[in-house]
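Data first, discussion second: the structure below is written as structure tokens.
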Amino acid sequence: MPPMADNRRDDPFFMTATTQFGLEDVLTQELEQLGAKIEQVHSRAIEFIGNKQLLYEANLWCRTAMRILKPFAAFYAPDEKALYREVGRVDWSRYIQPDQTFAITAVVNKSTFEHSLFVAQLTKDAIVDQFRDRTGVRPSVDVNKPDIRLHLHMLDNEVTLSLDASGESLHRRGYRQQTNAAPLNEVLAAGLLLLTGWDGKKTLVDPMCGSGTLLTEAALIAQRIAPGLYHQGKFGFENWPDFDLALWESVRLDARNAQIEEPQAYIGGSDISPEFLELARQNVEAAGLEDYIRLAVRDVREAQAPKGDTGLVIMNPPYGERIGEEAQMETLYKTIGDTLKTNFQGYDAYIFTGNLDAAKRVGLKASRRIPLFNGPIDCRLLKYELYQGSRRAARPE
């Protein structure tokens with residue numbers, strides 16, 4: 001190890017954190033809390049400056065980041081020739097070892113190149129040709145589990161090449177036992193909780209908890225548990241030539257020591273489906289959080305606030321995407337509204353939904369409407385303030 005290594009560890013550099021639409025502000029706050037210097041906030045991406053320790057911590061701690069990228073080259077490529085030439089000018093031996101596998105993700109916007117797959121292919125050719133010309137040995141491509149993931153972003157033919165520090169997308173925490181698509185991914189669930197401003201101390205209830213993603217993410221926040229501790233396999237940066245194992249181990253040790261053992265908040269969930277509740281139980285156990293989350297099979301109309309202080313009630317009810325479900329959805333959302341009015345007085349309620357017509361049947365005026373997406377579905381996080389006693393509008397039925 002060269003004697004300079006310790007000083008170099010602190011050299012700051014540019015990074016980009018990607019996220020989902022609508023979560024940019026909460027991710028910015030997360031990065032600032034880790035000590036990042038924010039440069040620019042874009043749609044679904046935050047540019048920031050920090051050192052290697054921050055790079056490791058961002059992957060471990062950011063609840064609302066999908067990926068952390070480290071840009072290392074930028075150039076203009078008006079055509080295929082230029083793209084091939086400019087990629088070939090990068091010294092690839094600094095980023096990929098000949099015995100490593102790699103993959104390229106390309107995102108192309110407003111450029112003369114129409115297909116991102118073609119751009120990725122051309123970039124791959126330029127990298128492989130350089131290795132072949134210089135050493136006769138070439139790294140191979142592995143699209144599923146590459147050692148080195150490269151990210152190419154092209155906007156108006158301006159190209160940025162980045163190393164993907166995360167590897168597997170950070171929303172795949174590793175505690176979810178079922179591989180089938182859950183209605184809410186972990187990054188979005190954490191983002192919803194952070195958008196409510198919940199402090200991790202007040203009571204939190206999810207009366208339509210499904211497989212329990214909101215509850216699990218809530219317990220991770222309350223107990224100050226880094227989501228990256230559940231990450232399966234290696235992070236991308238662990239395969240980089242400059243990987244600092246001692247620094248990484250100390251960052252992980254700090255994260256383990258930051259966990260709070262004592263339950264910080266009452267976190268409870270219920271669902272009408274025993275099957276879903278069993279899935280929730282499995283996920284909660286896989287995350288080692290069974291001491292922090294209470295689960296019960298219960299119809300939403302039976303949901304009750306626990307005795308004592310008020311808190312937060314949050315849910316992601318079905319949206320009813322199938323034809324002919326309109327009437328059923330309207331009834332469900334009316335039931336949700338009635339339950340909130342009757343059983344959760346004094347609480348702040350949040351409903352996350354992609355069915356804005358049915359949401360009108362909740363029968364309460366939303367004090368906030370935050371636009372978000374759940375996959376391709378245009379959604380809103382709706383906030384309702386449920387006043388206690390006389391301030392409740394007692395409308396005649």
Side-chain angles (χ1 to χ4, degrees), residues 11-76 105-111 116 149-167 169-171 173 184-199 217 220-221 226-228 235-237 350 352 368-383:
D11 283 352
F13 50 86
F14 277 95
M15 289 174 259
T16 304
T18 63
T19 187
Q20 294 184 215
F21 174 84
L23 302 181
E24 296 88 354
D25 289 351
V26 286
L27 178 54
T28 298
Q29 285 171 342
E30 287 199 273
L31 289 164
E32 283 176 338
Q33 281 163 3
L34 291 172
K37 180 173 176 287
I38 306 296
E39 283 292 300
Q40 263 189 313
V41 178
H42 304 277
S43 174
R44 305 198 304 275
I46 319 293
E47 289 180 37
F48 63 102
I49 293 173
N51 60 12
K52 194 182 284 189
Q53 180 169 330
L54 182 74
L55 173 81
Y56 295 177
E57 287 174 347
N59 277 283
L60 201 55
W61 279 103
C62 284
R63 300 178 195 282
T64 56
M66 299 296 276
R67 297 185 176 279
I68 309 292
L69 305 173
K70 183 182 179 181
F72 62 89
F75 51 81
Y76 178 66
T105 305
V107 177
V108 176
N109 286 317
K110 294 193 269 191
S111 303
S116 53
R149 283 178 196 263
L150 300 167
H151 195 274
L152 182 150
H153 186 260
M154 184 187 273
L155 176 64
D156 293 324
N157 291 67
E158 293 285 353
V159 176
T160 305
L161 287 169
S162 304
L163 289 163
D164 181 344
S166 305
S169 171
L170 297 177
H171 82 272
R173 305 274 202 249
L184 213 56
N185 79 41
E186 297 91 319
V187 157
L188 182 54
L192 296 176
L193 292 161
L194 294 174
L195 281 167
T196 69
W198 180 62
D199 61 0
E217 290 296 319
L220 296 183
I221 291 170
F235 285 94
F237 61 75
Y350 285 85
F352 179 63
R368 276 176 83 193
R369 305 170 65 86
I370 304 170
L372 296 152
F373 282 87
N374 188 356
I377 305 165
D378 185 13
C379 295
R380 295 291 179 277
L381 179 61
L382 304 167
K383 178 184 185 182

Interatomic distance, M15 atom CE to S162 atom OG [nearest 0.5 angstrom]: 12.0 Å
Taking E24 for its side chain and G22 for its backbone only, find out whether a donor-acceptor pair lies under 3.5 Å. yes
Count the heavy atoms of every other residue, nucleotide or ligand shown that sit under 6.0 Å from CG of D25, and state whether that count exceeds 12. no
Using side chain to side chain contact (heavy atoms under 4.5 Å, CB included), reason through F352 and L372 one step at a time and then give a plain yes or no. CA-CA 9 Å; F352 179 63; L372 296 152; 3.8 Å; yes
Qualifying residues under side chain to side chain donor-acceptor pair (under 3.5 Å), relative to R173, sequence neighbours excluded: E217
Against Q20, only a single residue in N185, T64, N374 fulfils side-chain hydrogen bond (donor to acceptor under 3.5 Å, both in side chains); can you say which? N185
Residues two or more places apart in sequence or in another chain: which of them pass salt bridge (Lys or Arg N to Asp or Glu O under 4.0 Å) with E158? none
Under the side chain to side chain donor-acceptor pair (under 3.5 Å) rule, collect the residues that match up with R149, sequence neighbours excluded. none
Correct closest heavy-atom pair for L34 and A58 would be CD1-CA, 3.8 Å
Using a 6.0 Å cut-off, check whether atom CZ of F14 has over 12 heavy atoms from anything other than its own residue. no
To the nearest 0.5 Å, atom CD1 of I46 lies from atom CD of Q29 at 10.5 Å
How many angstroms lie between atom OG1 of T18 and atom CG of L27, to the nearest 0.5 angstrom? 8.5 Å
Donor-acceptor contact below 3.5 Å, side chain R67 vs main chain G167: yes
Note: C62 and P227 closest approach over all heavy atoms is O-CG, 4.1 Å
Sequence neighbours left out, what passes side chain to side chain donor-acceptor pair (under 3.5 Å) with E32? Give chain and number order. none
Quick one: CG on L23 to CG on L194, what's the gap to the nearest 0.5 Å? 8.5 Å
Can you confirm whether D378 sits close enough to F373 that some side-chain heavy atom of one is under 4.5 Å from a side-chain heavy atom of the other? yes
Nearest heavy-atom approach of Y76 to N157 is CD1-O, 3.4 Å
Between L152 and T160, does the side chain to side chain contact (heavy atoms under 4.5 Å, CB included) criterion hold? Intermediate values first, please. CA-CA 6 Å; L152 182 150; T160 305; over 6 Å; no
Mind checking whether L195 and V26 have side chains closer than 4.5 Å, heavy atoms only? yes
About how many Å separate CZ of F72 and CG of L161, when rounded to the nearest 0.5 Å? 5.0 Å
When you compare the side chain of E186 with that of L170, does any pair of heavy atoms fall below 4.5 Å? no
Looking at S111 and N109, would you say the former's side chain and the latter's main chain have a donor-acceptor pair under 3.5 Å? yes
Does T105 reach the main-chain N or O of H151 with its side chain, forming a donor-acceptor pair under 3.5 Å? no
Under the ring-ring contact (aromatic ring centres under 6.0 Å, His included) definition, can you give me all pairs with a residue in residues 26-55, not counting sequence neighbours? none
Examine distances only and state if a side-chain atom of E30 and a backbone atom of R63 form a donor-acceptor pair shorter than 3.5 Å. yes
To the nearest 0.5 Å, atom CG of N51 lies from atom CZ of F13 at 6.5 Å
Using the test side chain to side chain contact (heavy atoms under 4.5 Å, CB included), find all partners of T16 that sit at least two apart in sequence or belong to another chain. A45, E47, L69, P71
F237 vs Y56 aromatic rings, parallel, tilted or perpendicular, using cut-offs 30° and 60°? parallel
